[in-house]
Structure formats: C-alpha cells, structure tokens
Peer 1: 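Pasting in a structure now, in structure tokens, and then I'll have a few things to ask.
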Amino acid sequence: MVASTLGLSSPASADEFAGREQLRASSVEFRREVIEVTEGVFAAVGYSASNVILIQGEGGSVIVDTSANPVDAAAIVDAFGERLVRPVRAIIYTHNHPDHSGGAKVFAGADNPEIISHQTLVESGPEFGRGPRDGGDAFGTKLSDDLFINAGTQLEYGRVTPHTREGFLPPTRTFRGEAEAIELAGVQIQLIHTPGESPENTAVWIAGKGVLIPGDDFLKSYPNLSPIRGLKLRPPEKWVASLDKMLALEATYMIQGHMRPVLGKDEVRTALTDYRDGIKTVLDQTLAGIKDGKTADELVQEVRLSPELAKSPYLQEYYGTVAWAVRGIYADYVGWFDGNPTNLNPLSPALRGRKMLELAGGVDNMVLRAQEAIEAKDFQWGAELIDYVLAAEPENLAAKAIKAEALTALGERQINATARNYYLTTAQHLSKQSRE
Ligand SMILES: [Zn+2]
C-alpha cells in the first residue's frame, strides 16, 4: 500500500501484526526448565515470574533470588529435587522487587541461612507507582486469557499466584560500598553493587565458575528505563557504569533474573555490550537534542538505535522502549516544561475538549471523524479525537466504546508487552463500562 503523498494517513502493511507475533514467539524464553548452566550451578526458569539460581557448595547450597511467593518457591524446590543439597547456607537477594524476594522462607526451610543483600535493599521503600486509571495495567494481570501473551520479562506477573511478602525474610547480613568478597558453602563469591534496574541491584560473580548473575541489570529486552506503571527514571549513567563493571569480569555464563541464561564468553560480551550501548546512545542523543531545544515529542521521532543495535536480540522492545526512555530522560533532566510558552498554562482538558467539539461541528461529527479514522486504520488519531469527546463528556458511552476499539487495535500492533497489556486492559475496562 502506498502512503498518502501528504503523509497524513497511517497506512496498514502486510506485517502490521509482526510485532505482536514477535512478542508471542519471545514467550519461548519462559519455558519451564531447570538448566544446568555449568557444573554445580542451576537456573530454574519459567516456574515463577523470575528465575531462581542454585549454587551447590561443600556441604550445602546457596540460593540467589527466591521467586515471587511461597507457592512458586515450593514448585522450584520440587523441580531442583536432590540437586538442592541441604542445608541452604545462604540466600542472596539481587534486589528487592517482589518477584525476586517473595519465596525465601521456603528455600530457608529449617536451615537458618544467612540472608544477604546490599544495604540499600534494607533502606529501600516500596515503589511509589501511579493510582488506577480506566483499568490500565502494564502487567495485564486481569486481562482475559485469550488476549494475554506475556508480561515482557516474565510469562505472567501475578495472574495465577500473586506476589506476596509472606515468604520474604529480611537480610541478616548486608554490605555497603561497591563490592564484597565472601565465602559461602566453600564457594568464593563476589557481590558487586551495580545500581541500574533498581538502586540496590547486586551482581553475584563466581569467578571460579565464570558465572555472572547480574540481577535485572540485564534482560533480553530493551531496558525499561522509565516504566509506564509510574516510576522514577532508572538513572542511565549509573546503569551504564554498572554494565561496564560486569563486562570487565569477562564472564562465561550469565544468568539474569528473567529469561534463559546467556551462554559462552563471546555471547555474554556481546549481550552486555549491546545493552550498555543501547542505553548510552539513547541517553547521548536525548541529551544532545535537549541542548538543541527539542521537545520530548520531537525527540521520540528522532532518537534511534543504530541499525546494528536495532537488530540485537537483546534490545528488542518487549519490555522497555526507546521512545519511553527518551521521555523519561527528558522529564528527569529538564522537567515537565517543553520550552513552548503555549504550554506554560494550557487550557483544562475539559475546556479544550469543548472548544474542539465546537470546532468539529459538534459531538456527533467528532465521533464520526474518530470512527472514520479507525476504519482507515489511523488508530492513534481516532483515539486522540475521541479523547476530546471524553474530556468534554466523560460519561459518553458511545465514545468509550469507540476508544476501546482504537485501543484494542493499537494494542494488537505492539511488540511491547507492557504497552499491549495497558492498551488492552484499558479497552476491556472501557468496553465493559460502555455496555453497562
Ligand atoms: Zn525482575
């Protein structure tokens, strides 16, 4: 199909669902398996929202991360079977996220292990997050099964067994500063503070086995620098520095917090290098654009990965996206104002909506235009037009139904799981309201 010469339409193409199908194919990363990564080191992948790593030592074991809850943890203990040699001498948390720290009690059993983390884990509070709005949920927790694909870095996030704090055990031993060498069950381990995906993220380095456990500082997706569930920017400079530290280790195996491990020295180096460069280029381009006076809306049209990086299997936008990284960096560095004085004191959404309806010749006309846009597959424009209606008339049920249609179409064309989930959960909510 040839695009309009005016460039005003968003033409469909044969592969308009290619992103969704790529996302669907990525679920293979979450297939259930206990993988022997190297002698004495096992990763339980796909049993919970996150991976659990078992390190066999002398007269006991070490566990790194503990899954999302006691139910998942019990399934993983079963799956490890006799490979889990009791007693568990120590449990290490790479970070505090509930999908990694919710099953510790099950692994500890009656063994009374040391519980180890960086000191910042103890000091970290719960994430702030955004309140609910029209049912939007990046993890798709309540999305109907036929529409749910995955949650980006995990098959599902709390859809079957919710994350709980029931199984959490507070650290009994923490370290401050950059790194600490410890011996656990006869295994020499280095803990390295590597702020990135979380401020407390700790990499676990077992030099004797060439095994690097980077926590969530590396995942097989473009990093989620500025998650749409509503969090502060994850500082990209610190993240880049942490990846440099991990690269310097020259690991042979990398077992990150989600998805299947990365195997082989060259592959680990490629993965960490792509990841670092993928963050750094977006940071550099965004800051240069900000210095040129560009707005975030303009920058998302310009900032791109190089063609080589865009092809990297480690930078596909299943979880984070380049555009959201740009927006997060912009807001963090220069705040909310885009430099255009029109936007210093804009109209209220309701007033703008009423004025736009007047301009369009009334509500019915605007609704019709939105429907035409959707029929022409210009779904974003359809959603934007219908938002003027809903700003002026928040309870307009016909408008809600049309918005649901636009969001469904947008959701079905995403490669990003959190975008898909957010579009489709909101659509589900609006279409239910419009039927009531
Ligand atoms: Zn995680």
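Counting convention: from 1, in listed order, for ligands and their atoms alike.
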Peer 1: Is His97 close enough that one of its N/O/S atoms sits under 2.8 Å from the Zn ion (ligand 1)?
Peer 2: no
Peer 1: What orientation do Phe139 and Tyr319 show, parallel under 30°, tilted 30 to 60°, or perpendicular over 60°?
Peer 2: tilted
Peer 1: How far apart are the closest heavy atoms of Arg86 and Ala108, and which atoms are they?
Peer 2: NH1-O, 3.6 Å
Peer 1: Taking the ring centre of each residue, are Tyr275 and Phe218 less than 6.0 Å apart?
Peer 2: yes
Peer 1: What orientation do Tyr93 and Phe168 show, parallel under 30°, tilted 30 to 60°, or perpendicular over 60°?
Peer 2: parallel
Peer 1: With respect to the Zn ion (ligand 1), what is the nearest N, O or S atom of Asp216?
Peer 2: OD2
Peer 1: Is His100 close enough to the Zn ion (ligand 1) to have an N, O or S atom under 2.8 Å?
Peer 2: yes
